Each structure stands twice: as structure tokens, then as C-alpha cells.
Amino acid sequence: MIRSALLLALLSAFPLAHAATPDLTTISERSGFQATGRYDETIALCAAFAQAYPKQVQCIDFGITPEGRPMKALVANNNGVFTPAAAKKAGLPVTLIQGGIHAGEIDGKDAGFLALREILEGRAGKGALDKQVLLFVPVFNVDGHERFGKWNRPNQRGPVEMGWRTTAQNLNLNRDYLKADAPEMQAMLGLVNAWDPLTYVDLHATNGAKFQHDISIQVEPVYSGDPEFRKAGLALRSNVIKDIAKEGSTPQSYYMSFVKQDDPMSGFEDSVSDPRFSTGYFQLRNRMAMLVETHSWKEYPVRVRITRNTVVSVLNQVAKHGADWQKAAYAADARAAKLGNKKVALNYRTTDKTEMVNFNGYEYTRKPSEISGGLMTRYDETRPQVWRVPLRDEVVADVEVTAPGAGYIVPAAQAAIVGEKLRQHGVVFRKLDQGVARANVETFRADKATLDAASVEGHQRLTVTGKWMAEPRAVTAGSLFVPIAQPKARLVVAMFEPQAPDSLLAWGTFNTAFERKEYMEDYVAEDVAREQMAADPKVAAEFAQRLASDPAFAKDPQARLAFFAKRHSSYDERLNLYPVLRTDTAL
């Protein structure tokens, strides 16, 4: 590893060349891939690529971070297709490659610049930029990138210094795709909505145990999303794995994290991420997402080379198959627009079906630790070993719902905040100019609503149980109608079904609907109880039966009083009523 003083000397010895002949090598490359540059290098290189290749590259800004830094992207195409409209007119698929969503895992930035330069020079990916538009975002988490320091990634070998995992607002962008809290994510979604990339490539370096494998490649849709479109996702995954294996890598198609932490013999399981992650999100838009995870214990030069190989492979594969995959994506859009009254998966699970596989690890010991008191695994990287471990990779739909026939209705009181979220995702909706006094709709009343004890990404998440039931209700003017008949129908369902893992409800948007605000004093409830039983013997009999059959109820004074309070006209009938409605009739 290079010491700080030596690193400074090295960097000063290799300034960017004068504007007339821009130097397109990175600080990382000039350091032998021991270091990585600060964000001012990214800004300079973005401009330098556009200057050196004005007919093939443009440098654009697509957002501003909370700390005021520009979010940069390079647009590359051999025929000067530099706008979304031009790409659409030319029928070219768009590939978006993103580095630095976790800015300590910065392999993608240096590898992406290297790959792009070699492609433009004709040394790699020949002709790849003839048949697609590349959007390269070197650093997504820009403010986190500038929280620069040694050992920001203690489970990683190199570079000397690196950025931080989260944003300046301490948000994890790789938990933010659907809820889209961060200004950076909102800017990214704006870029995505404008360009509609067929393929979104998310470059990371993983944490985890020590083993020989150097990279994992996961793609969706493979297990999730439109069943027919999964064929394209599987082809992309298989072809890229084959390409990089030829370059000497040992890729796997699943995330290489043990089922039981720190226990190699527990093996691995494949799965589908929730929509807060890139691979869980883009399948809802009928587009492909690839999660690239280099192994953090490989040295930085190795990780950059492997990531570079992966970027080149993706671009080659899209150049070869992108036209067909784009047709498949558009066909999935058409099918999504007809999802009304059909089953839609909210999430997925891995079954218990297991096969034993060989996995290239190292000899290790597991002994009690005098520090932690628990079993501690220690690996001997001088002694390679093949592990025979279980792999579970059969993934099936878990919770499924039937989509509404027509769509969802968001009440006027919630229209502003929900409408803004829909616009961020490019979801089609309209505001109702007139109300309906008695609309035939479905409502969801929670039998149980449980708030998480701790904050998650600044939210108090909510979990509910219950079901949709027909219940005519008034719909006021100013409410929003969100139709199912649109290409992003799966995304609409994921946002509005209350039991979906990353729904607006799950992230706390509607928590106040599940908070009791009005009540009666106990002494009033006592009088109400006596009046109700005197007026209706059936109420008295039901109360007596409940006392006899439910010991917990019998011992709970508040539950006993609530039995009668819920029957009183003052009781809030909206308590635990999810504000969003479903309808089978378009409004």
C-alpha cells in the first residue's frame, strides 16, 4: 500500500495534460491501481473525454447533491446519439453503468473510465457503441465519495483511501430505489425516466468471508417480474458470466454471503431483492438490472480489472442482443398494461430445495474467541481448499395479490405527497376534477398494525395484516386515480399494496391512519357499556361470552371498555383504514 506522502508525490507527478491533448488515464491507473482520485478528477475526466472524442462522448450534469456537487454522467455513442429523443428515434437500447453507489466500493469508477477509454481507442468492445447508447455515471454517491479516508472499508484491500458508504444525509442509496428519499436518487430516477435504459448495471465490492472466487453476477428478471422477459435476464447473466470466466475470473450467479454468518458450511442461497435495491426495482419497470459484486479481499488492481472486464462484456452483449432484448422489454410493457385482475407477486422466497456444490475457499478454523466469546472463523489464504456446501437457488413467488381491475385511488388529503412520489418514478396518474358520492371500491382495514421499534433509513416502518373488502365510499375531487393499465403496472402494485415489502405504507407514509386520536374517558365508557347492554341483550350476551372464553380479554380493563367504545357513534371508523382504495372501474 502506498503511504500518504508518496501518494501525494505520485499524484502531483501525473497532472492531467493540457486541454489540447487531454490525458484520459486515471489517477488510479497511474498509481498502478493502488489509489483512487477525488471527485474533482471525475469532473475533469468527464470534460476531457468529451473534448477528446466530441463526436462520441458528451459530459452532462443530471443533478446536484445536498452538499452542492454536480452529479456527472458521460453519454457515449459512436454516431453522436446524445439525447433520449435521438436514442428513441434511432431505436438504440440504452445501457446505464453506475459506479460508487457505495462510495467506498469504488472499483466501478476507475474500471468504467478504463473500459470506456479502451473502447473509444478501439482496443476493446469494437463496434459496441454503434448499437447502443452508454450512460456512465462514475460516482452516484458523490458526497459520500468526498468523505475520503483510509480504512473507510476495513473489510477491503485497497485503494489507499476511499469514500464512505452512505450519503451526506446518512442515507443508503442502495436501499432507496423505491422510496426515493435522497436527492441523489431522485436525480437518478430523473435520468432513468428520461433515457429508459434497457440495462442498469450497479457496480459494487462485497463484504464477507475470505475465499477464492472473485466476483458474483446477479441479474433480474431471472426469478422475478414478467415471466417471458426473464429469458432475456437469464441470457444476459449467463453470457456475461461466460465472458468473464474466459478472462480468468471464477464468477458465481448468487451473492456469496453465508446463510449463517461466519459459517462456511452453512452454504449459500440465491434470492430476489426487495424493490429498495436496484435488482428488485428495475424488474418492476420491465427492464434488466445487474448487480456486480467483486470480492473485497481481492487487491484493488484485481478488482478493477475484473470490473473492467464485466463492463466490456455487458456492452458487447447488449450490442449483440440488445435489439431483441429491447423488443422483449416492450412486449413485457404491453403485458403489464393488462395485469388488471391478474395475480402479481409482491415478494419472493427461496425454497428448501438444496444441492451440494463445490466452492473454492481456503482452509479455516473455527474456535471460541477470548475477545467476543463466540466462535471465530480464521482463514489461511496460503492453503486453498474446495468446500462442499449446500446451495439453495429455487426461488418462487411468496406473497401474491390479485391486481385491481382498474387501479388505485389516492385521497385528496394524500395527493400532494403521493403525486410527487409517482412523478419521481414516471408513473402515470391523473387528478379527479369531480368527486363520486358513493364509489364502488375496495378498502383495506388492518386487523393488526405493528410499527418497527427502531428507525430504518429515517422511517418508522409499518407492517399490517388484513384484507381488501368491497365497501362503497365517497371519493372527493382532487383525489388521484392511478391506473393499472400502464407499462409500470408492477411498480404501481409494489407501491400501493399495503403488504408489499417496500410499499408507501411499509415505509411509513400513512402511519397516522393507524394512530388513535379520539377517545372517551373510562368513566364515560363505563356508562356507555351499561347503556348498550341495557338497550341490546345481544351485546350483553356477546360480552359475557367473550369474558368466559378469552382469559386475556377478561383480565384487560382497557380491552373490556374498548369492546363497547367500538360500538359507539364517536368511535373513529377510519382508524386502521388504509387511505388508498382499489377500484375495478376507471374514474
Side-chain angles (χ1 to χ4, degrees), residues 97-102 104-108 111-112 153 155-157 165 174 199-224 230 233-264 266-274 277-283 288-300 302-314 317 348 350 355 357-362 379 386-387 389-395:
I97 295 179
Q98 164 195 285
I101 187 172
H102 293 153
E105 306 166 30
I106 204 59
D107 314 14
R153 291 273 293 166
N155 310 313
Q156 180 174 299
R157 288 179 175 147
R165 183 177 184 83
N174 202 33
T199 309
Y200 188 96
V201 182
D202 191 2
L203 303 174
H204 290 251
T206 188
N207 289 312
K210 293 181 179 179
F211 43 73
Q212 298 175 57
H213 294 277
D214 50 17
I215 190 170
S216 66
I217 303 291
Q218 292 179 273
V219 173
E220 289 297 334
V222 168
Y223 302 120
S224 64
R230 295 176 194 180
L234 180 59
L236 174 64
R237 188 185 77 177
S238 300
N239 293 349
V240 170
I241 285 176
K242 185 181 298 183
D243 283 348
I244 62 177
K246 290 178 181 177
E247 299 287 343
S249 284
T250 53
Q252 296 288 4
S253 63
Y254 50 86
Y255 191 82
M256 292 181 282
S257 179
F258 302 139
V259 170
K260 295 180 181 178
Q261 186 175 358
D262 208 35
D263 182 1
S266 66
F268 306 93
E269 70 174 28
D270 209 352
S271 62
V272 174
S273 296
D274 290 335
F277 300 90
S278 60
T279 46
Y281 175 75
F282 280 91
Q283 55 93 1
M288 296 185 288
M290 175 183 289
L291 175 65
V292 177
E293 294 272 6
T294 57
H295 186 36
S296 60
W297 289 111
K298 300 299 180 185
E299 293 80 3
Y300 194 57
V302 175
R303 301 204 315 271
V304 172
R305 174 180 55 80
I306 296 166
T307 305
R308 173 265 178 208
N309 293 344
T310 303
V311 168
V312 171
S313 172
V314 169
Q317 291 300 328
Y348 298 82
T350 306
E355 63 174 319
V357 297
N358 292 330
F359 188 87
N360 298 328
Y362 298 108
Y379 301 91
V386 177
W387 300 338
V389 296
L391 170 65
R392 294 162 51 208
D393 62 356
E394 182 180 66
V395 181

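This chain uses plain numbering: 1 for the first residue, then up along the sequence. Source: prediction; values computed, not measured.
Taking all atoms of both residues into account, the shortest heavy-atom contact from Ser249 to Ile215 is CB-CG2, 4.3 Å. Across Thr199 and Leu236, no two heavy atoms sit closer than the pair CG2-CD2, 3.9 Å. When all heavy atoms of Ser278 and Ala289 are compared, the closest pair comes out as O-CB, 3.6 Å. Closest non-hydrogen pair, Tyr300 versus Asp107, comes out as CE1-OD1, 3.5 Å. Taking every heavy atom of both residues into account, Ala205 and Arg303 meet most closely at CB-NE, 4.0 Å. Closest of all the heavy-atom pairs between Trp297 and Ala209 is CD1-O, 3.5 Å.
In this view, Ser273 satisfies the side-chain hydrogen bond (donor to acceptor under 3.5 Å, both in side chains) rule with no residue, not counting sequence neighbours. Residues satisfying the side chain to side chain contact (heavy atoms under 4.5 Å, CB included) criterion with Gln261, sequence neighbours excluded, are absent altogether. In this structure, the side chain to side chain contact (heavy atoms under 4.5 Å, CB included) partners of Arg305, at least two apart in sequence or on a different chain, are Val302, Asn309. Listed by chain and number, the residues in a ring-ring contact (aromatic ring centres under 6.0 Å, His included) with Phe359 are Phe211, His213, Phe268, Trp387 (sequence neighbours excluded). Remark: Asp393 pairs with Tyr223, Asp270, Glu355, Leu391 by the side chain to side chain contact (heavy atoms under 4.5 Å, CB included) rule, at least two apart or across chains.
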Checking side chain to side chain donor-acceptor pair (under 3.5 Å) for the pair Asn207/Arg153: CA distance, chi angles, key distance, verdict? CA-CA 9 Å; Asn207 289 312; Arg153 291 273 293 166; 3.2 Å; yes
Stepwise side chain to side chain contact (heavy atoms under 4.5 Å, CB included) test for Val222 and Arg237: CA-CA 9 Å; Val222 168; Arg237 188 185 77 177; 4.0 Å; yes
How far apart are the C-alpha atoms of Thr350 and Glu394, what are their side-chain angles, what is the distance that settles it, and do they pass the side chain to side chain contact (heavy atoms under 4.5 Å, CB included) test? CA-CA 6 Å; Thr350 306; Glu394 182 180 66; 5.7 Å; no
Verify side chain to side chain contact (heavy atoms under 4.5 Å, CB included) between Val240 and Thr310, making sure each step is shown before the conclusion. CA-CA 7 Å; Val240 170; Thr310 303; 4.1 Å; yes
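To the nearest 0.5 Å, the span separating NE2 on His295 from CZ on Arg157 amounts to 8.0 Å. If you take CD1 on Ile101 and CZ on Phe277, they are separated by 10.0 Å, rounding to the nearest 0.5 Å. Thr307 contributes atom OG1, which lies 10.5 Å from atom CD of Glu105 (distance to the nearest 0.5 angstrom).
With salt bridges taken as basic N to acidic carboxylate O contacts below 4.0 Å, none links Arg230 and Glu220.
Residues Tyr255 and Thr206 bring a donor and an acceptor atom of their side chains to less than 3.5 Å of each other.
Considering only heavy atoms from C-beta on, Asp202 stays 4.5 Å or farther from Val292 through its side chain. Residues Val304 and Ile306 are not in side-chain contact: their nearest non-hydrogen atoms beyond the backbone lie 4.5 Å or more apart. Side-chain contact between Gln283 and Met288 is absent, with no heavy-atom pair separated by less than 4.5 Å. Contact check for Gln218 versus Met290: no side-chain heavy atoms found under the 4.5 Å cut-off. Thr250 is not listed as a side-chain neighbour of Gln212, based on a closest heavy-atom distance of 4.5 Å or more. In this structure the side chain of Asp243 never reaches within 4.5 angstrom of the side chain of Val312, judged on heavy atoms. Looking at heavy atoms from C-beta onward, Ser253 lies in side-chain contact with Ile241 at the 4.5 angstrom threshold. Side-chain contact between Ile244 and Lys246 is absent, with no heavy-atom pair separated by less than 4.5 Å.
Applying the salt bridge (Lys or Arg N to Asp or Glu O under 4.0 Å) test to residues at least two apart or on different chains, the pairs with a partner in residues 249-263 are Asp263-Arg366.
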